[in-house]
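Report on the following structure.
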Amino acid sequence: MKPIQAANGFSFRVGFSGYSGHLRVEPLYTEERDNPIKSLPDFVLPPAFPTETPESIEEHIKEKYLLPRLDEDAFSPEKAGKQWDFDWFARAKIPLEPSMPRAIMVPVWELPFRRCKEGSTEGKWEPNSTQVDVSDIIVGGETRGSFPRASNGAANDIVRGSINNRPFRPGGLEDQSLERIFPYGASNGEWVREVLNGGPAQTIPPGFKQGLKLGDLMSHPCSWNVYKDQSAPDDTSVGNLSELSVQFDDLFKKAWEEDVVELDKDESDSVKSEAEANQVDVLNTLDTGSSALDEILSVEAEKVDNGRDKGGQQQKEAWAVSGGSEWIADQFYELVPDMAIEFPFELDTFQKEAIYYLEKGESVFVAAHTSAGKTVVAEYAFALASKHCTRAVYTAPIKTISNQKYRDFCGKFDVGLLTGDVSLRPEASCLIMTTEILRSMLYRGADIIRDIEWVIFDEVHYVNDVERGVVWEEVIIMLPRHINIILLSATVPNTIEFADWIGRTKQKKIRVTGTTKRPVPLEHCLFYSGELYKICEREDFIPQGLKAAKDAYKKKNSSATSGGTGSYSGSSTVQDGARGQKREPFNRGKQNKHSGPQTFGNYTGTGWGNQSNGGGQNSWGSRRTTWLMLIDKLSKKSLLPVVIFGFSKNQCDKSADSISGTDLTSSSEKSEIRVFCDKAFSRLKGSDRNLPQVVRVQNLLYRGIGVHHAGLLPIVKEVVEMLFCRGVIKVLFSTETFAMGVNAPARTVVFDTLRKFDGKEFRPVLPGEYTQMAGRAGRRGLDKIGTVIVMCRDEIPEESDLKHVITGTPTKLESQFRLTYIMILHLLRVEELKVEDMLKRSFAEFHAQKKLPEQQQLLLRKLAQPKKTIECIKGEPAIEEYYEMHTEAEEHSEQIIKAVMQSSVAKQYLTPGRVVVVKSQSAQDHLLGVVLKSPPANNKPYIVLLLKPDVPSMTQSPSDRSNLQDKKGADFHQGYVLLPKSKRGLEEDYRISAGPRKGSGIINITLPHRGAAAGVTFEVREAENTEFLCICNSKIKLDLPGLLEFVSNPAFSHTVQQLLKLKSNGNKYPPALDPLKDLKLKDMDLIKAYDKWTHLLQKMSENKCHECIKLEEHIKLAKEIKKHKEEVNALQFELSNEALQQMPEFQGRIDILKEIGYIDEDLVVQIKGRVACEMNSGEELICTECLFENQLDDLEPEEAVALMSAFVFQQKNTSEPSLTSKLSQAKQRLYDTAIRLGNLQAEFKLPITPEEYAQENLKFGLVEVVYEWAKGTPFADICELTDVPEGLIVRTIVRLDETCREFKTAAAIMGNSSLYKKMESASNAIKRDIVFAASLYITGV
């Protein structure tokens, strides 16, 4: 029974006892409570209904009415076949978007008179629904970028892709291509008509249990008009200018405003705008009288209204976002409480910012100096990919970086490696690969692309590379939308510009962060005559150090100036390899004119890397002394280890050998080096272990000296790199690839010279290159400061030169985008992806494409302007024809005037009495006139009488010219002197003479002089020879004293009448002088232009508009109309694909591909084109033609692979190989094919020279070496056959194996089984021994 409480607070209960049913009372003992809080009941029931708040009402309305629910019976977890035992979605740290379904239910539209209403509720029509595939209702769905697809290819195709796959749709393409295609009945306005006429509104989507409850919809009285939108165009309706549109949104907006506008007027005090958002104005608070539903919907309505108010004003969106992130570092651990990976050190500010944006799922561009810690960002992306169960891809420009990063990340993440010759664990979540591999995967539609969340581009500044920079642009453009981008780069001046291009191309924000601060500050010194002179510290230049170095140089050379000059001349001669004679100091800069205003050659003084010996002070004995002095100095100052950068492989080897007697290692370090080398080289065969290069490098390593350049064997380079990272190598002679490809900082960096050969010419080291190499100085956590030393042997550089290279602006990121045949063929395989799209999105077209929205708006405004018309008073308007002739005549006039009118022959005809045509000052109706006076010098004007048109000119300014004329009149009076008759020209009698019979020769007329005679207005004025448009073949007799001295009206009347007689035959102007007979012109183009010009003037005079009184007005209108038309045409051209820079080259390459059968007339890729798509190693056209011409059929596998080495070998100058007759014939046949293709491309106007094309793409230097290697000759023996370094031989053979795989795939496409087997045999023949020894980074030591 229930307890009963007594009056005194004693609790008891009454119950039955035993079987007899007697009642009994039992006391209830309660727990003692010491404080009042414990006296409260243990449990208090909650109220039946919680207190309602605006928030709870809003949540209830959203839940019940605004969030349609799935039918629980149809979509229960049991029926779905899968249940989650763990709440993944509640624990997710990032917003998860549901994946798009394979198929959806859509209603089937039926015409009203065909609808069946039987069986439906209340006699209303219920549409039937059908299941359709998503890809069928989305344009571009077949690109499969976001849709599942069963993989039916080989396992390798998942990673590498296949030529049969289509590429994924690149992110950033126009969004309209992904819009839903609505059924016709739903898009033509019929459904709106039904709703407005009281028809049933479909509120429950197919498959849902309930939908939006809008209440009972009543018939709305309206008039239904379908019309063309005549309003001014804006950016939201660009594509619908000519389409029939139903403005249902406007009707809805109007009805909505009628319902709520009165309420809003009363509650306007409660509305405020969020100025901080600066995008849309929303209603944040409403009075308590308005419902939560009004508040929710009013926000959406306000967004719609605000979006419409923007009209055609398009907001300029900055895709690259930089700055404003200082607060992230202060609140980092609150913003990112659960990091994907913990670092054992405090992160820098830029690292925290980058990680925060990665957590938000945004793309990041990190620009920082070398060794600043950019790799931390890549590591965090790997950690996020592992956490999200996605993939991340790390791309690097150099294979060495890929191998090293694989070793670094292998212990931390699930890492795989994909390079040209290695494929390790491609199923891993974190993949490291070269950029070319990723490009191939994108073009070939590899399925693994679906899972990639991050792509990390390391060393992005490599985009400036002329040969391979285009790969970065291609990959960035081709990446699908779902992939985020991380870019790691050294500091470059146009980081924002490059990030803005990427953001605009991919249509996503790019967060730009980084630092210009070095983790280890640098000091820069000059080394001269055994001493160090500090010239720069922490970016501050120290002129005192440079002055001290110059004083030391002057002191040393004061007694031997001539000897110093001679030694410098000799060194420079060796370097340039051009001159062998001495030069004076002031001539030293001439050889460096290609290097710009800086004369860096003044202090480099070395070119000995290309010579076996030097002259004078630069002999190897002297250089050895210099190196020993430097190493001794660095050792005493504890500045070891040091990396010494040279710019040739030969230079590095000779420098290391010159100090072979130096020993810098202790006994324990020697032991460590020996053990390491024994383990590393133990994987080689016995003969390979004794290769000269291996033995020589080991001997150097034992003494703490290393060499690193491209000529070393891969395994030797890796041994040097690993030992240097361990700190046992004290001095390393290296080329600049060490700074790019190996993350191994040193205490000191030394520049042997500040000039380099870039493959074309010697030039100064660029500031960006200097910064990249100097950045290796200073080990973070070990050194407080890094030291950079510039060697000075023959000259101390100038201060401006040093400032430029040390503190100058690095090289900007510039586009190296170029069209290739393989790119065109890949893109032609997919209709949705056009080559024009690739060109538009290249970095080279960035600035032009960035202006397109503004140009589109300008074009629409110009098209919307009312058209001007010309009303002719003489019937059908002919002013356009007249203006065309006028414009064409003006184009010829400048050329004619310059060449003809100023010639000495023309000046002989421009004598008094010569009839001329003069350009009108109104530039519309040219004037007929006669020369009254010729100047004695070229810089004096002529005096001419001109017949004026009936309409007075609007451009006359007599007052302005009168002041000038007074001054010129005096010049005429004093300058015109009568010559003796014997010295006069043919028509000298027409000049003014000083004889008493004909006047004194004084010019009394005031210029300009206007008058009328014979019913015609005339004007006497000055005219420059450039104003003459035509010299006529007519000449009249003049009364010059009467015209110029006495200003006689009869003289003017007689002259005007003579001019009018010349027009009496109906022509406006008399015939012009014959350019060939009279003017003695010899240039045929000029003669044609002159004839055309005079012909146009004659036709203009015959046009009915010539004498029109409204000529000037109509000419202005015609000019405006034509200008408007030209502006519209120019804008349309700029908006078209024809305006792209590389469009002419693209058209030429398309024509070539058609000519040789790679594509047909409809641009469909043929079998030859498919084979060319497989050729990534060599030039695709030459390789494909070689296969289809069966050039390899009569060769053995060893000979075939030897000939194929010409596709991949890179070095230009090598010793001539000794070939068999069969190989010689095959070589000549392949070369002839290249020449034929070069001639074909030259015929189609491509900038290609056939010989250069063949020599650039076919290098036969290693044909003999590869042939012997494939036959089984030991590596030591084949090295004796050529002067090519061992490292390049290995690199060529490794790439040749990849070429064999490509040819094998091509043979399968062609159906050539014998070629397939031959390539398989050739690949097996070269794949052996030291050439294919596994990398130490991959297998470990």
Side-chain angles (χ1 to χ4, degrees), residues 318-323 350 363-370 372 374 395-398 435 457-477 485-506 510-518 539 594-598 600 736-737 739-740 754-756 758-761 763-775 800-818 839-851 1140-1142:
W319 296 102
V321 183
S322 177
F350 80 92
S363 298
V364 178
F365 192 146
V366 181
H369 285 295
T370 304
K374 300 188 290 290
T395 68
I398 299 176
T435 317
F457 294 94
D458 200 1
E459 309 289 353
V460 176
H461 49 273
Y462 211 85
V463 74
N464 283 339
D465 185 76
V466 177
E467 294 297 326
R468 299 174 59 206
V470 61
V471 180
W472 273 257
E473 293 190 54
E474 285 184 74
V475 171
I476 290 172
I477 295 171
I485 302 172
I486 300 173
L487 303 113
L488 309 178
S489 169
T491 52
V492 290
N494 59 334
T495 304
I496 298 296
E497 178 189 15
F498 193 76
D500 191 24
W501 165 68
I502 296 175
R504 193 171 299 275
T505 301
K506 310 310 294 180
I510 306 294
R511 296 286 182 172
V512 180
T513 184
T515 179
T516 57
K517 179 183 177 182
R518 290 186 177 274
E539 306 297 330
H594 57 268
S595 62
Q598 295 83 11
F600 287 85
E736 61 181 320
T737 54
M740 174 70 76
L754 289 181
R755 293 189 75 211
K756 62 175 289 188
D758 60 1
K760 297 180 180 178
E761 61 183 1
R763 62 167 175 81
V765 173
L766 300 175
E769 296 170 339
Y770 180 90
T771 302
Q772 178 77 20
M773 289 181 275
S800 59
D801 301 334
L802 288 172
K803 281 186 176 180
H804 172 75
V805 74
I806 294 175
T807 62
T809 304
T811 307
K812 292 176 60 177
L813 294 177
E814 297 180 352
S815 175
Q816 303 296 336
F817 189 87
R818 68 180 188 279
L839 292 175
K840 287 178 183 178
R841 285 161 177 78
S842 68
F843 191 35
E845 296 286 347
F846 167 60
H847 293 291
Q849 296 295 312
K850 190 176 180 180
K851 298 176 182 177
L1140 299 174
Q1141 296 178 9
Q1142 300 190 37

I'd like to know if the side chain of [X] and the backbone of [Y] have a donor-acceptor N/O pair within less than 3.5 Å.
{"X": "Ser363", "Y": "Ile485", "result": "yes"}
{"X": "Arg511", "Y": "Val366", "result": "no"}
{"X": "Asp458", "Y": "Ala396", "result": "no"}
{"X": "Glu769", "Y": "Leu766", "result": "yes"}
{"X": "His369", "Y": "Thr516", "result": "yes"}
{"X": "Lys506", "Y": "Ile477", "result": "yes"}

Query - Worked verdict on Asn464 versus Thr811 for side chain to side chain contact (heavy atoms under 4.5 Å, CB included) - result: CA-CA 9 Å; Asn464 283 339; Thr811 307; 4.0 Å; yes

Does any part of the side chain of [Y], heavy atoms only, come nearer than 4.5 Å to the side chain of [X], both counted from C-beta?
{"X": "Leu487", "Y": "Ile502", "answer": "yes"}
{"X": "Trp501", "Y": "Ile476", "answer": "yes"}
{"X": "Arg763", "Y": "Arg755", "answer": "no"}
{"X": "Phe846", "Y": "Asp500", "answer": "yes"}
{"X": "Glu497", "Y": "His847", "answer": "yes"}
{"X": "Val463", "Y": "Phe457", "answer": "no"}
{"X": "Glu539", "Y": "Arg518", "answer": "yes"}
{"X": "Thr513", "Y": "Phe350", "answer": "yes"}

Query raised in the report: Can you name the residues that form a ring-ring contact (aromatic ring centres under 6.0 Å, His included) with Phe365, not counting sequence neighbours?
Result: none

Requested in this report: Carefully, step by step, assess Gln816 and Asp465 under the rule side chain to side chain contact (heavy atoms under 4.5 Å, CB included).
Outcome: CA-CA 7 Å; Gln816 303 296 336; Asp465 185 76; over 6 Å; no

Please find the pair of heavy atoms, one from [X] and one from [Y], that lie closest to each other, and give the distance.
{"X": "Glu473", "Y": "Ala844", "answer": "OE1-N, 4.3 Å"}
{"X": "Val512", "Y": "Ala499", "answer": "CG2-CB, 3.5 Å"}
{"X": "Ser489", "Y": "His461", "answer": "OG-ND1, 3.6 Å"}

Query raised in the report: If you measure from CD1 on Ile398 to CZ on Arg468, what distance do you get to the nearest 0.5 Å?
Result: 7.0 Å

Report task. List the steps, then state whether side chain to side chain contact (heavy atoms under 4.5 Å, CB included) holds for Thr505 with Trp319. Result -> CA-CA 9 Å; Thr505 301; Trp319 296 102; over 6 Å; no

Report summary line: Paired with Phe843, the ring pair (Phe, Tyr, Trp, His ring centres under 6.0 Å) test is passed by just one of Phe817, Trp472, Phe498, namely Phe498

